Amino acid sequence: MNRVLLPFLLMLFCGIAEAHAQRLAVKSNLLYDATTTVNLALEAGFSARWSVDLSGNLNPWTFSGNRKVKHWLVQPEIRRWNCEAFNRGFWGVHLLGGQYNAGGFRVPLLPTLRHTRYQGWMVGGGISYGYHWYLGAHWNLEATIGLGYIYTRYDRFECYRCGRVTGRDEHHGYWGPTRVGISVVYLFNHK
């Protein structure tokens, strides 16, 4: 057998054997649910103390008076668990990317959103800390918070109802919270 092919096949076989024993989880962030944002995250443990999490969020709704917080967001994260995967505390490094079209809402940290509409895209990343609480054989509760940087480019519109552009291709950098969640977690392959 080829010297290059043999190590590849051995790694593939070992990876499949390891994948069978890994833990998998599906979860929903209750904070996003409260904002009518549909969300789902999948997490897979790939060693005793490491896992990878991928969350997706979508808010396609337009509310009365043409108010909206339409967006989609994807956040991959790699996690290092203090004890073992899916048990107690973890540290993570995450990325994020998405698009948005928002305006007409009163938000304390974004006062101009009440009378202005913003439409654009964002990318960023950061570090996070979280904790899992055991609830039952397959159920956990997860809390997480992340801090980092987001870069965004957007068009600004005079009011959230009308379409008159007041700023094209503007950009902004943001330092602060980049991930927050209280999630219900269902664990597959639980011991």
Side-chain angles (χ1 to χ4, degrees), residues 15-16 18-63 67-102 105 107 109-110 118-152 174 176-191:
I16 290 170
E18 181 70 26
H20 177 70
Q22 75 185 356
R23 290 171 140 182
L24 299 171
V26 63
K27 50 191 162 181
S28 180
N29 185 337
L30 300 175
L31 299 179
Y32 274 114
D33 291 338
T35 67
T36 70
T37 300
V38 179
N39 70 93
L40 183 69
L42 300 173
E43 186 170 1
F46 59 89
S47 77
R49 295 175 79 173
W50 290 90
S51 67
V52 62
D53 176 90
L54 178 62
S55 66
N57 309 293
L58 174 66
N59 190 318
W61 324 118
T62 298
F63 300 96
R67 297 174 304 131
K68 58 187 87 175
V69 286
K70 289 185 174 185
H71 69 277
W72 66 264
L73 176 71
V74 175
Q75 280 191 308
E77 180 174 56
I78 189 161
R79 294 177 169 181
R80 164 86 166 60
W81 294 80
N82 297 339
C83 186
E84 65 178 341
F86 303 101
N87 188 10
R88 300 189 196 165
F90 63 86
W91 292 91
V93 176
H94 62 270
L95 299 173
L96 64 91
Q99 292 179 303
Y100 56 90
N101 183 359
F105 279 95
V107 179
L109 297 175
L110 302 166
Y118 298 90
Q119 184 173 343
W121 57 268
M122 63 186 149
V123 293
I127 59 170
S128 61
Y129 178 77
Y131 199 89
H132 267 234
W133 288 274
Y134 175 81
L135 298 178
H138 292 278
W139 295 97
N140 277 2
L141 184 66
E142 173 186 296
T144 184
I145 186 153
L147 301 172
Y149 178 77
I150 297 174
Y151 175 79
T152 181
Y174 159 84
T178 52
R179 186 175 180 104
V180 63
I182 298 173
S183 300
V184 174
V185 180
Y186 182 82
L187 291 166
F188 297 92
N189 301 342
H190 186 70
K191 295 177 184 176

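Everything numeric here is computed off the predicted structure, so don't read it as measured data. Numbering of residues begins at 1 and proceeds along the displayed sequence.
- Here the side chains of N140 and L187 are in contact, with some heavy-atom distance below 4.5 Å.
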* Verify side-chain contact (heavy atoms from CB on, under 4.5 Å) between T37 and L58, making sure each step is shown before the conclusion. => CA-CA 6 Å; T37 300; L58 174 66; 5.7 Å; no

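- More than 12 heavy atoms of other residues, nucleotides or ligands sit less than 6.0 Å from atom CD1 of I145.
- Around atom CG of L135, more than 12 heavy atoms belonging to other residues, nucleotides or ligands sit under 6.0 Å away.
- For the pair R67/T62, no side-chain contact is recorded, criterion being any heavy-atom separation below 4.5 Å from C-beta on.
- Counting only distance, with no hydrogens or angles, the side chain of S51 and the backbone of A44 share no donor-acceptor pair below 3.5 Å.
- Checking side-chain atoms of N57 against main-chain N and O of V74 turns up no donor-acceptor pair under 3.5 Å.
- A cation-pi arrangement is absent between R23 and F86, since the terminal nitrogen or guanidinium carbon is not both under 6.0 Å from the aromatic centre and inside a 45° cone about the axis.
- Contact of the H94 side chain with the P76 side chain is not registered, since no non-hydrogen atoms from C-beta on lie closer than 4.5 Å.
- Formation of a donor-acceptor pair under 3.5 Å by the R49 side chain with backbone atoms of N82 is found in this model.
- Listed by chain and residue number, nothing satisfies the ring pair (Phe, Tyr, Trp, His ring centres under 6.0 Å) test with W72 (two or more places apart in sequence, or in another chain).
- Here Y174 and Y151 keep their ring centres 6.0 angstrom or further from each other.
- No donor-acceptor distance shorter than 3.5 angstrom exists from the side chain of W61 to the backbone of K70, with no hydrogens or angles considered.
- Note: F188 and Y186 meet the aromatic proximity criterion, with ring centroids under 6.0 Å apart.
- Taken to the nearest 0.5 Å, the CG atom of L141 stands 11.5 Å off from the OH atom of Y131.
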* Decide yes or no on side-chain contact (heavy atoms from CB on, under 4.5 Å) for T152 and Y100, but give the supporting numbers first. => CA-CA 10 Å; T152 181; Y100 56 90; 2.5 Å; yes

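- Residues P177 and L147 are in side-chain contact: their nearest non-hydrogen atoms beyond the backbone lie under 4.5 Å apart.
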* In sequence, state the C-alpha distance, the side-chain angles, and the governing distance for V69 and T35, and then conclude on side-chain contact (heavy atoms from CB on, under 4.5 Å). => CA-CA 9 Å; V69 286; T35 67; 6.0 Å; no

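- V185 has its side chain out of reach of W139: every pair of non-hydrogen atoms, C-beta onward, lies at least 4.5 Å apart.
- Here CZ of F46 is found 4.0 Å from CD1 of I78. Values are rounded to the nearest 0.5 Å.
- When side chains are defined from C-beta on, K68 counts as touching N101, because their heavy atoms get closer than 4.5 Å.
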* F105 and F63: ring pair (Phe, Tyr, Trp, His ring centres under 6.0 Å), yes or no, with the steps? -> CA-CA 10 Å; F105 279 95; F63 300 96; 5.7 Å; yes

* Asked: Can you list the steps and then say if V93 with R80 is a side-chain contact (heavy atoms from CB on, under 4.5 Å)?
  -> CA-CA 9 Å; V93 176; R80 164 86 166 60; over 6 Å; no

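- Atom CZ of R88 is separated from atom SG of C83 by 5.0 Å, given to the nearest 0.5 angstrom.
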* To do: Start with the C-alpha gap between N39 and S55, add the side-chain angles, then the distance that decides, and say whether side-chain hydrogen bond (donor to acceptor under 3.5 Å, both in side chains) holds.
  => CA-CA 7 Å; N39 70 93; S55 66; over 6 Å; no

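- A donor-acceptor pair is defined here as one N or O able to donate and one able to accept, closer than 3.5 Å; such a pair exists between the side chain of N29 and the backbone of V180.
- L73 places a side-chain heavy atom less than 4.5 Å from the side chain of L96.
- Looking at residues two or more places apart in sequence or on another chain, you find a ring pair (Phe, Tyr, Trp, His ring centres under 6.0 Å) between H132 and W81.
- No side-chain heavy atom of T178 sits less than 4.5 Å from a side-chain heavy atom of Y149.
- No side-chain donor-acceptor contact under 3.5 Å links Q75 to the backbone of G125.
- Residues forming a salt bridge (Lys or Arg N to Asp or Glu O under 4.0 Å) with K27 (at least two apart in sequence, or on another chain): E43, D53, E142.
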